[in-house]
Amino acid sequence: MLDAKMIRANPEMVEAALQNRNLPGALQNFLKLDEQRRNILGQVEEIKQFRNQASQEVGRLKKQGQEAVELMEKVRQVGLEIKELDERLKQVESSLDKILLNIPNIPHESVPIGIDEKSNLEMRHWGEPRMFNFEPLAHWDIGPNLDILDFERAAKLSGARFTVYKGWGAQLERAVINFFLDIHTGQHGYQEIFPPFMVTGDCMLGTGQLPKFAEDMFKIEGRDMYMVPTAEVPLTNLYREEILEERDLPKHMTAYTACFRAEAGSGGRDTRGIIRQHQFNKVEMVKIVTADSSYEELEKLTHDAEDVLQLLGLPYRVVLLSSGDMGFSAAKTYDLEVWMPSYNDYKEISSCSNCEDFQARRANIRYRPASKEKIRFVHTLNGSGVAVGRTVAAILENYQQEDGSVLIPEVLKPYMGGLAKIEK
RNA sequence: GGAGAGAUGGCCGAGUCGGCUGAAGGCGCUCGCCUGCUAAGCGAGUAUACGGCUAAUACCUGUAUCGAGGGUUCGAAUCCCUCUCUCUCCGCCA
């Protein structure tokens, strides 16, 4: 959520930024409503002041044993006015809220301007796509061939976009999860968290999934409960409505959760394999930091995600997203894209964002500066560290052998009971 | 699911029959003083949001906030209703 005062002070700047987000005119009624609000507020507060003073006067008179019927009647009348104005104020404020909650974050100045992914910028890449001296298979063929992925029975259980992992496949998934967590906690200094997989609507509002993207999520019937679409939601909301001490910052957290997404708008995309599922595993990193350090922290966060891909020996590139390709809450985002032979292309496997104070405002997460200055909003960052299912797919494809077997990356062997390769 | 208790400021914790209570007291924290010393003592200060005024996120000023929403009243942290959450006991259960 943007700061209303900031918008009021720089309407043209905000409008321009929203245009770069493909949302021209999103500010339309905001300024008018904002003025209305201050108008009504001024009126109603003045009357309330009178009421407060008058009712104190009544108290004083009564204490002295005097009558105050006239004054009491006057205040009663005024009370009706207050009620009416309060009602109007509430309406205007809820309209304003609706606008504010639907406005995305403003891109950082370093973000390339563009309407879609074509304007993204490749920052760097690591490793080179493997050259195969045989025809490589896609993971949706490798998996069933080795009997470690079962798409058909998954469909029987749950329909499209679900996968059953079996045997070494299931172990590989678990190995990757543990490997990621061990690296982030042991080498990158994150605190491991194991959060609930279901959260309230307030949490979804706090991180920006609601109100705009309700159709992307799985909601529990008849309850104010949602399946988490990413651990970013519970981790960031952990400190919702709290005032932290600066000495307790930064907070670096990592968590494994299953993630649940309705994939409403993704029609026929990535229908094969485990790239785009309704349920997938992910290890997420979330940072809660002060404003002056957040961009430095974003670089580190991105490197922490890159690190696990390097350890796994998976070729990838880092892409800076353009203004039009970024997520709703982000001010700046780096995507990590892993080389995926079946796509003959790089495929997103991590997204690392600085949300600045956008989520902090919504979730009301603040901190008290050590200098005892005014309380401020924190900055929040999140990044996949990284998507587990896509990692498994990348391993299967990048480490496949001509005989159909798949080598286990060195760093994962300890997690697989020393197994060197998965074969039939 | 049944029965009961409770939700107050950064934390702990008072609030009498509704009326200078934004809220006693304590802790913590900040600043100053004092003290021959990693202690103690003394003094002062210490919520947030949104308005107005301002160059100002500085003063000053107004309004709101004692779990949330609604009601009664001239006036509610204090009375009434609804909801949410926490705790205790019972039941059930991985």
Side-chain angles (χ1 to χ4, degrees), chain A residues 1-10 30-97 99-101 194 196-206 220 222-226 234 237-249 251 288 290-292 356-357 360-379:
Chain A
M1 182 159 64
L2 302 180
D3 180 8
K5 272 187 267 188
M6 189 275 287
I7 300 179
R8 200 186 300 151
N10 320 280
F30 179 83
L31 295 171
K32 200 170 39 178
L33 283 166
D34 181 61
E35 199 188 328
Q36 254 181 53
R37 168 176 172 271
R38 277 177 295 146
N39 240 313
I40 302 172
L41 197 61
Q43 287 178 53
V44 78
E45 286 190 351
E46 199 175 321
I47 303 178
K48 280 181 178 171
Q49 184 179 7
F50 167 77
R51 179 176 67 179
N52 288 344
Q53 289 168 352
S55 49
Q56 269 178 33
E57 180 64 21
V58 170
R60 212 164 349 194
L61 290 173
K62 285 204 166 178
K63 206 168 266 175
Q64 293 168 7
Q66 299 183 35
E67 281 294 322
V69 260
E70 247 175 78
L71 191 54
M72 281 164 67
E73 175 56 19
K74 181 92 190 283
V75 178
R76 204 182 62 77
Q77 290 295 340
V78 143
L80 300 175
E81 254 178 89
I82 289 175
K83 209 166 177 177
E84 205 175 296
L85 284 170
D86 267 344
E87 191 54 44
R88 272 176 58 200
L89 186 64
K90 218 156 121 187
Q91 279 173 19
V92 171
E93 285 186 335
S94 98
S95 303
L96 275 170
D97 266 0
I99 293 174
L100 279 178
L101 287 172
F194 191 73
F197 289 11
M198 290 188 243
V199 295
T200 63
D202 284 338
C203 291
M204 291 297 198
L205 204 74
I220 307 301
R223 279 174 169 265
D224 179 33
M225 277 280 165
Y226 296 81
N237 278 284
L238 221 44
Y239 296 102
R240 182 156 51 86
E241 306 290 348
E242 290 194 33
I243 300 172
L244 306 167
E245 296 294 335
E246 182 169 2
R247 62 170 175 272
D248 295 328
L249 298 177
K251 301 230 180 243
I288 296 184
T290 58
D292 49 289
E356 297 189 358
D357 65 1
R361 253 172 224 293
R362 297 179 153 241
N364 202 22
I365 310 171
R366 295 170 295 174
Y367 74 99
R368 202 183 302 283
S371 57
K372 290 287 160 193
E373 290 166 46
K374 215 165 127 60
I375 284 173
R376 297 197 207 121
F377 286 109
V378 299
H379 278 199

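Chain letters run A, B, ... following the sequence lines, proteins first, then strands; residues in each count from 1.
- Between B:A14 and B:U8, the two P atoms lie 11 Å apart (nearest whole Å).
- B:C20 and B:G10 have their C1' atoms separated by 27 Å, with the value rounded to a whole Å.
- The two residues A:L100 and A:L2 come nearest to each other via the heavy atoms CD2-O, 3.9 Å.
- Comparing the same atom, P, in B:A58 and in B:C66 gives a spacing of 25 Å after rounding to whole Å.
- For the P atom pair drawn from B:C89 and B:G18, the interatomic distance equals 35 Å after rounding to whole Å.
- A:N364 places its CG atom 15 Å from the C1' atom of B:G10, with the value rounded to the nearest Å.
- Distance alone, capped at 3.5 Å, places no donor-acceptor pair between the A:D357 side chain and the A:F377 backbone.
- Contacts of A:R361 with the nucleic acid, taken as non-hydrogen atoms under 4.0 Å apart, are absent.
- Nucleotides B:G19 and B:C60, compared at atom P, are 29 Å apart to the nearest Å.
- Checking the phosphate oxygens (OP1, OP2) of B:G52, no side-chain nitrogen or oxygen of A:K5 falls inside 4.0 Å.
- For A:N52, no side-chain nitrogen or oxygen approaches OP1 or OP2 of B:G75 to under 4.0 Å.
- Residue A:R60 is classed as having no contact, given no heavy-atom separation below 4.0 Å to the nucleic acid.
- Between A:M225 and A:V199 there is no side-chain heavy-atom pair separated by less than 4.5 Å.
- Across all non-hydrogen atoms, the minimal contact from A:A54 to A:L71 is O-CD2, 3.7 Å.
- OP1 and OP2 of B:U65 both lie 4.0 Å or more from every side-chain N or O belonging to A:K48.
- A donor-acceptor pair under 3.5 Å is absent between the side-chain atoms of A:D34 and the main chain of A:F30, judged by distance alone.
- If you measure from atom CZ of A:R368 to atom P of B:A49, you get 10 Å, rounded to the nearest angstrom.
- Using a 4.5 Å cut-off on side-chain heavy atoms (C-beta onward), A:K48 and A:D86 make contact.
- Under the 4.5 Å side-chain criterion, counting only non-hydrogen atoms from C-beta, A:R88 is not in contact with A:E84.
- Under 3.5 Å, the side chain of A:Q49 and the base of B:G62 form no donor-acceptor pair of N or O atoms.
- Taking only side-chain nitrogens and oxygens, A:R38 never comes nearer than 4.0 Å to OP1 or OP2 of B:G62.
- Rounded to whole Å, the separation between the C1' atoms of B:G41 and B:U35 comes to 8 Å.
- Looking at the side chain of A:R51, the nearest of the listed nucleotides B:G51, B:G19, B:A64 is B:A64.
- Residues A:L96 and A:V92 form a side-chain contact, since some pair of their non-hydrogen atoms from C-beta on lies under 4.5 Å apart.
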Pairs under 3.5 Å (Watson-Crick or G-U), crossing ones as [ ], inter-strand ones as |: RNA chain B comes out as (((((((..(((......[.....)))((((((.......))))))((((((.......)))))).(((((..]....))))))))))))....
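- Candidate nucleotides B:G70, B:U57, B:G19 were compared by shortest atom distance to the side chain of A:V58, and B:G19 ranks first.
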Check the pair A:C203 / A:T200 against side-chain contact (heavy atoms from CB on, under 4.5 Å), numbers first and verdict last. CA-CA 6 Å; A:C203 291; A:T200 63; 3.7 Å; yes
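- In this structure, A:V378 and A:R366 have side chains that are not in contact, with every pair of non-hydrogen atoms separated by 4.5 Å or more.
- Rounded to whole Å, the distance from CD on A:E241 to C1' on B:A68 is 12 Å.
- Between A:K374 and A:S55, the residue whose closest nucleotide on RNA chain B is further toward the 5' end is A:S55.
- Counting only heavy atoms from C-beta on, A:K62 has its side chain closest to B:G19 among B:U48, B:G19, B:U63.
- If you take atom P in B:C87 and the same atom in B:U73, they sit 38 Å apart, rounded to whole Å.
- Within 4.0 Å of A:R366, counting heavy atoms only, lie sugar-phosphate atoms of the nucleic acid but no base atom.
- Following rounding to the nearest Å, A:Q53 (CD) and B:G62 (P) show an atom-to-atom distance of 8 Å.
- For A:Q56 and B:G22, the CD to C1' distance is 13 Å, given to the nearest whole Å.
- Between A:L41 atom CG and B:G51 atom C1' the separation is 5 Å, expressed in whole Å.
- Comparing A:D34 and A:I243, the nucleotide of RNA chain B nearest to each residue sits closer to the 5' end for A:I243.
- Contact check of residues 81-89 of chain A against RNA chain B (heavy atom, cut-off under 4.0 Å) returns A:K83.
- Straight-line distance from the CZ atom of A:R76 to the P atom of B:U73: 8 Å, rounded to whole Å.
- B:G62 atom C1' lies 17 Å from atom CD1 of A:I40, rounded to whole Å.
- Here the side chains of A:V78 and A:F50 are in contact, with some heavy-atom distance below 4.5 Å.
- Looking at every heavy atom in both residues, A:L205 comes nearest to A:R362 through O-NH1, 2.8 Å.
- Nucleotides B:G75 and B:A64, compared at atom P, are 12 Å apart to the nearest Å.
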